[in-house]
Trainee: 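First, the structure itself, so that you have it in front of you.
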There are 2 protein chains.
Amino acid sequence: MELKEAKEQFIMSWGALGSNWGVSKTMAQVHALLMVSNAPLSADEVMEQLNISRGNANMNLRALIDWGLVEKIHKLGERREFFQAEKDMWKIATRIASERRKRELQPILKVVDQMKEIEDKQADKAELDAFKKQMTELENFTGRVDRIFDRLDRADERWFTGLLTKIMKR
Amino acid sequence: MELKEAKEQFIMSWGALGSNWGVSKTMAQVHALLMVSNAPLSADEVMEQLNISRGNANMNLRALIDWGLVEKIHKLGERREFFQAEKDMWKIATRIASERRKRELQPILKVVDQMKEIEDKQADKAELDAFKKQMTELENFTGRVDRIFDRLDRADERWFTGLLTKIMKR
DNA sequence: CAGAACTTTCAAAAAATATTGAAAGATTAG
DNA sequence: CTAATCTTTCAATATTTTTTGAAAGTTCTG
């Protein structure tokens with residue numbers, strides 16, 4: 001396989017994977033394209049290479065910037081903006097972890113927290129207790145995982161690697 | 001808030017959250033409904049409580065069974081099937097982890113693995129190396145996370161809790 | 001085996017999401 | 001200030017995903 005071909009293949013596959021993990025195909029493709037480009041690309045280059053419209057390119061580039069996976073670059077003497085993907089895997093991973101924490105874990109905690117204020121004199125005691133117990137367990141578990149992600153976000157790669165070694169030894 | 005009301009609220013919220021983490025609203029609702037039901041429910045009860053069609057109920061119940069989050073129950077003397085959700089948070093968590101590993105991590109490994117067979121005499125040497133390096137890093141990182149999930153899947157809760165304590169101490 | 005009681009399938013319809021492209025908004029240069 | 005160049009917005013459109021419901025399939029009962 002040739003390099004150019006490999007890059008294209010990677011972009012397409014990365015896009016297809018996106019949908020498995022809740023990201024739109026195009027957003028994943030834009031990310032992949034920037035990941036395998038040696039130089040920052042302009043919006044027009046992204047549009048052209050992926051065959052998408054200007055609006056679409058703009059929207060997804062912006063979303064990637066929100067995720068912290070892409071940044072705007074200004075070249076001096078150049079009017080337009082360029083976009084560059086973060087290439088360091090550790091940073092990519094922590095950005096994704098952080099975003100998923102915000103989107104997936106914290107909303108659960110919020111919902112479960114509200115469930116605690118039940119006051120029902122009518123209800124069957126055992127049933128009420130069962131419900132409360134379940135909510136508490138859900139909260140505990142989610143809270144624990146949330147704290148791991150938080151820790152991860154603030155740690156550095158060496159910490160993580162060390163941790164892994166420990167985990168794998170057992 | 002009353003118990004019944006709380007349960008409904010939980011079901012609705014859980015459903016809304018589902019879309020944040022790549023599961024359809026209805027599937028998440030069915031799961032929530034079964035989680036907060038003290039007794040197993042029949043397909044008809046699920047249909048009725050969530051106002052969904054028979055086909056939809058069937059589909060989502062099946063998907064939940066695939067995920068290992070719900071199981072069929074046969075009551076003796078009863079013709080129809082009942083459905084019961086796993087309520088143990090540890091089991092719920094490992095099932096979800098295992099499923100996501102399969103859907104999110106392993107496909108990445110597969111794609112990246114294919115990228116290794118590049119043979120391009122034409123291409124710029126530095127560019128080729130950069131691409132290969134990136135693919136390797138992606139593979140290493142994903143592989144590591146994949147192994148954690150695998151480990152998690154086979155471990156028990158006490159192991160996990162112990163691990164957490166260690167993580168949090170640092 | 002026939003009929004009743006359920007469950008599963010799947011093509012069509014509906015709903016939710018993503019994309020387009022033209023117009024409006026910025027920003028810089030002259 | 002005006003024109004030129006580039007970015008952002010958003011209503012209309014297209015695509016994808018989910019849901020429906022009726023028909024086909026299955027399994028049990030008598």
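Throughout, protein chains are lettered first and strands after them, A, B, ... in sequence-line order, and every chain is numbered starting at 1. What you see below is based on every heavy atom in this structure, not just the backbone, and it leaves out hydrogens, waters and symmetry mates.
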Trainee: Under 4.0 Å between a side-chain N or O of A/Lys72 and OP1 or OP2 of D/dT8?
Mentor: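 Yes, A/Lys72 has a side-chain N/O under 4.0 Å of OP1/OP2 on D/dT8.
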Trainee: Would B/Lys125 and B/Asp129 pass as an ion pair if we require N to O under 4.0 Å?
Mentor: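 Yes, charged N to carboxylate O under 4.0 Å.
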Trainee: Output the rounded distance in Å from CG (A/Leu61) to C1' (D/dT9).
Mentor: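 Those two atoms, CG and C1', are 15 Å apart.
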Trainee: Quick check: is B/Phe149 connected to B/Leu109 through a chain of hydrophobic side chains (ILVMFWY, heavy atoms under 4.5 Å apart)?
Mentor: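 They do not share one cluster, since no chain of ILVMFWY contacts under 4.5 Å joins B/Leu109 to B/Phe149.
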Trainee: How about A/Lys110: does its NZ atom have over 12 heavy atoms from other parts shown lying under 6.0 Å from it?
Mentor: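 Not buried by this count: 12 neighbours or fewer within 6.0 Å.
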Trainee: Given atom CG of B/Asn20 and atom P of C/dA16, what is their separation to the nearest angstrom?
Mentor: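 Taking atom P of C/dA16 as the reference, CG of B/Asn20 is at 15 Å.
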Trainee: So, is A/Asn58 near the phosphate of D/dT8, with a side-chain N or O under 4.0 Å from OP1 or OP2?
Mentor: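 Checking D/dT8 against A/Asn58, a side-chain N or O does come within under 4.0 Å of OP1 or OP2.
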Trainee: Which protein N or O atoms sit under 3.5 Å from an N or O of nucleotides 18-23 of chain D?
Mentor:
| from | atom 1 | to | atom 2 | distance (Å) |
| --- | --- | --- | --- | --- |
| D/dT19 | OP1 | B/Thr26 | OG1 | 2.2 |
| D/dT19 | OP2 | B/Thr26 | OG1 | 3.4 |
| D/dT19 | OP2 | B/Asn56 | OD1 | 3.4 |
| D/dT19 | O5' | B/Asn56 | ND2 | 3.4 |
| D/dT20 | OP2 | B/Ser53 | N | 2.8 |
| D/dT20 | OP2 | B/Ser53 | OG | 3.2 |
| D/dT20 | OP2 | B/Asn56 | ND2 | 2.9 |

Trainee: Measure from CD on B/Glu45 to P on C/dC6 and round the result to the nearest Å.
Mentor: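 In whole Å, C/dC6 P lies 12 Å from B/Glu45 CD.
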Trainee: Name all pairs fulfilling the salt bridge (charged side-chain N to carboxylate O under 4.0 Å, His left out) condition that reach into residues 28-55 of chain B, sequence neighbours left out, sorted by first residue then second.
Mentor: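 As it turns out, the salt bridge (charged side-chain N to carboxylate O under 4.0 Å, His left out) pairs with a partner in residues 28-55 of chain B, which skip direct neighbours, are B/Asp44-B/Arg54.
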Trainee: Give the rounded distance in Å between these two atoms: CD of B/Glu78 and C1' of D/dT27.
Mentor: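 These atoms are roughly 15 Å apart.
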Trainee: Closest nucleotide of DNA chain D for A/Arg62 versus for A/Ser19: which of these residues is on the 5' side?
Mentor: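 Looking at the nearest nucleotide for each, A/Arg62 comes out on the 5' side.
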Trainee: What are the atom names and distances for every N/O pair under 3.5 Å that joins the protein to nucleotides 27-29 of chain C?
Mentor:
| from | atom 1 | to | atom 2 | distance (Å) |
| --- | --- | --- | --- | --- |
| C/dT27 | O2 | A/Arg79 | NH2 | 2.3 |

Trainee: When the distance from NE2 of B/His74 to C1' of D/dC28 is rounded to whole Å, what number comes out?
Mentor: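 Going from B/His74 (NE2) to D/dC28 (C1'), I get 13 Å.
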Trainee: Taking the six-membered ring for Trp, are B/Trp14 and B/His31 parallel (under 30°), tilted (30 to 60°) or perpendicular (over 60°)?
Mentor: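 Geometry flag for B/His31 against B/Trp14: tilted rings.
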Trainee: Give the rounded distance in Å between these two atoms: CD of A/Glu48 and P of D/dC6.
Mentor: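 Between P of D/dC6 and CD of A/Glu48: 15 Å.
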Trainee: Test A/Leu33 against A/Leu41 for side chain to side chain contact (heavy atoms under 4.5 Å, CB included), laying out the working first.
Mentor: CA-CA 9 Å; A/Leu33 172 62; A/Leu41 301 182; 3.8 Å; yes
Trainee: Do A/Trp67 and A/Phe82 sit in one hydrophobic cluster, given that two such residues count as connected whenever their side-chain heavy atoms are within less than 4.5 Å of each other, even indirectly?
Mentor: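 Different clusters: A/Trp67 never reaches A/Phe82 through Ile, Leu, Val, Met, Phe, Trp or Tyr contacts under 4.5 Å.
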Trainee: Could you tell me the separation between the CG atom of A/Leu41 and the P atom of D/dT7, rounded to a whole number of Å?
Mentor: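 Checked: the CG to P distance equals 13 Å.
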Trainee: Hey, can you tell me if A/Phe131 and B/Phe10 have their rings parallel, tilted or perpendicular (30° and 60° cut-offs)?
Mentor: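 Ring orientation, 0 to 90° scale: perpendicular.
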Trainee: A/Glu81 CD to C/dA26 P: how many Å, rounded?
Mentor: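 To the nearest whole Å, that distance equals 14 Å.
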Trainee: Taking only Lys NZ, Arg NE, NH1 and NH2, and the carboxylate oxygens of Asp or Glu, determine whether A/Glu71 and A/Lys91 approach each other closer than 4.0 Å.
Mentor: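 No, A/Glu71 and A/Lys91 are not salt-bridged.
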